[in-house]
Amino acid sequence: MRGRASAPRRGGGRFTGGVRIDLHTHSLVSDGTDTPTQLVRHAAAAGLDVIGLTDHDTFDGLREAKLAAQASGIEVLAGLEFSTRLGGASVHLLGYGCDPGDDELLDELARVRVGRSDRIPAMVARLTELGMPLTVEDVLAQASGSSLGRPHIADALVAKGYVSRRDIAFRDWLYDGGPAYVNRYCTELTQAIELVHRARGVAVLAHPWGRGRRDDLPEAYLAELAYEYGLDGVEVDHPDHDDDTRAELRAVASRLGLLATGSSDHHGLGKVNNPLGAYTTDPDAYAEIVRRIRSRGGQP
Ligand code: AMP
Ligand code: FE
Ligand code: FE
Ligand code: ZN
């Protein structure tokens with residue numbers, strides 16, 4: 001691995017060495033804007049030594065990213081970001097090192113992706129009613145992979161000239177419960193943790209206290225997830241967490257024996273606040289994730 005101590009960083013709280021590890025990124029296989037190869041090249045250029053590729057509800061980009069990583073001299077940790085629900089709330093779960101051939105997990109991810117695709121007609125109908133005529137084809141034209149999402153609808157709205165940027169489309173129309181929002185199928189959170197573990201992977205809650213999720217995931221419930229479901233970790237250092245939130249969540253993770261990770265949640269040009277390496281994961285936490293994957297028989 002190459003250490004680049006001089007590269008700019010907003011590191012995780014206990015970051016010490018020169019190794020830079022960003023464990024949550026997206027390619028255009030889901031809602032990022034870089035191919036897996038471009039993403040890996042950008043990560044190398046940004047001075048990162050390791051990235052986790054965590055596309056939403058799919059493993060499709062991993063093979064290409066792993067090949068590109070060999071050429072770029074960085075490591076790619078195989079991952080995904082699993083769309084789950086807790087009651088009425090949407091919770092994202094990062095799964096690392098899952099066996100990409102695990103039938104039970106693949107079947108459930110396919111269900112989630114069908115849910116993603118199935119709501120597109122209803123959402124374009126809403127937008128059309130709202131005065132922004134749009135077709136399913138317009139949306140498909142913005143997507144490269146099988147994991148469709150609101151970001152692709154947002155991109156279609158931009159392409160039509162209805163809004164100027166992805167985040168404006170979310171702010172005005174697509175946000176949870178917004179005028180053009182339609183719900184979709186997501187896996188129960190505890191079931192998703194079990195599926196990741198049965199696929200021999202490591203389960204880390206993504207940005208658990210970002211964007212109003214904190215009330216849904218208080219410490220007492222995180223304790224239940226840790227002790228009864230074997231949750232492995234929580235993403236502490238993330239652009240959706242402010243400094244106080246990060247400090248408090250780090251303390252919770254320490255009390256509960258959960259691994260603490262850090263990342264950018266990079267989406268290429270799709271999100272402005274998430275440059276590669278925005279936050280990083282402590283090398284010891286990364287080593288422990290890889291150790292657990294190996295001990296369970298998964299594939300980092
Ligand atoms: P979906 O997967 O269809 O539920 O859409 C959620 C995705 O939209 C998330 O994975 C984010 O990447 C993206 N997203 C949410 N809010 C915003 C925003 N304000 N600007 C850009 N992307 C967003
Ligand atoms: Fe996303
Ligand atoms: Fe997420
Ligand atoms: Zn993400």
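Just the heavy atoms: all of them, side chains too, but no hydrogens, waters or symmetry mates, feed the values below. Numbering of ligands and ligand atoms starts at 1, following listing order.
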Practice item. Give a yes/no answer: is there an N/O/S atom of His56 under 2.8 Å from the Fe ion (ligand 2)? Key: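 A backbone or side-chain N, O or S atom of His56 is under 2.8 Å from the Fe ion (ligand 2).
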Review point. Name of the Glu81 N, O or S atom nearest the Zn ion (ligand 4)?
Key: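 Looking only at N, O and S atoms of Glu81, the one nearest the Zn ion (ligand 4) is named OE1.
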Review point. Which atom, counting only N, O or S, brings Asp265 closest to the Zn ion (ligand 4)?
Key: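 Result: OD1.
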Check your understanding: How about Ser83 and Arg184: does a side-chain donor come under 3.5 Å of a side-chain acceptor?
Key ->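 Yes, because at least one side-chain N or O of Ser83 sits under 3.5 Å from a partner of the opposite role on Arg184.
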Point to revise | Short N/O/S contact of Glu81 with the Fe ion (ligand 3) (below 2.8 Å) | key: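 Given the 2.8 Å cut-off, Glu81 counts as a ligand of the Fe ion (ligand 3).
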Check your understanding: Can an N, O or S atom be found in His207 less than 2.8 Å away from the Fe ion (ligand 3)?
Key ->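 For His207, the answer is yes, given that an N, O or S atom comes within less than 2.8 Å of the Fe ion (ligand 3).
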Review point. With a cut-off of 2.8 Å, does His26 place any N/O/S atom under that distance from the Zn ion (ligand 4)?
Key: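 For His26, the answer is yes, given that an N, O or S atom comes within less than 2.8 Å of the Zn ion (ligand 4).
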**Study point:** N/O/S atom of His207 inside 2.8 Å of the Zn ion (ligand 4), strictly under
**Key:**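 Under 2.8 Å: His207 has no N, O or S contact with the Zn ion (ligand 4).
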Determine yes or no for a side-chain-to-main-chain donor-acceptor pair under 3.5 angstrom, with [X] supplying the side chain and [Y] the backbone.
| X | Y | value |
| --- | --- | --- |
| His241 | Trp209 | yes |
| Ser72 | Ile74 | no |
| Asp55 | Leu80 | no |

Donor-acceptor pairs under 3.5 Å, side chain of residues 117-127 to any protein atom, not counting sequence neighbours: which ones?
unit_1	atom_1	unit_2	atom_2	d
Ser117	OG	Arg113	O	3.2
Arg119	NH1	Val182	O	2.8
Arg126	NH1	Tyr181	O	2.7

Review point. For His92, what is the atom name of its N, O or S atom nearest to the Fe ion (ligand 3)?
Key: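 Restricting His92 to its N, O and S atoms, the minimum distance to the Fe ion (ligand 3) goes to ND1.
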Exercise for review: May I ask you to establish whether Arg111 and Tyr185 are in a cation-pi arrangement, using a distance under 6.0 Å from NZ or CZ to the six-membered ring centre and at most 45° from the ring axis?
Suggested key: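 Yes, cation above the ring, under 6.0 Å and within 45°.
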Check your understanding: Do you reckon Tyr227 sits in the same ILVMFWY cluster as Leu86, going by side-chain contacts under 4.5 Å, direct or chained?
Key ->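 Both belong to a single hydrophobic cluster.
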Exercise for review: Using only N, O or S atoms, tell me which atom of Asp31 is closest to the Fe ion (ligand 2).
Suggested key: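 The nearest such atom is OD2.
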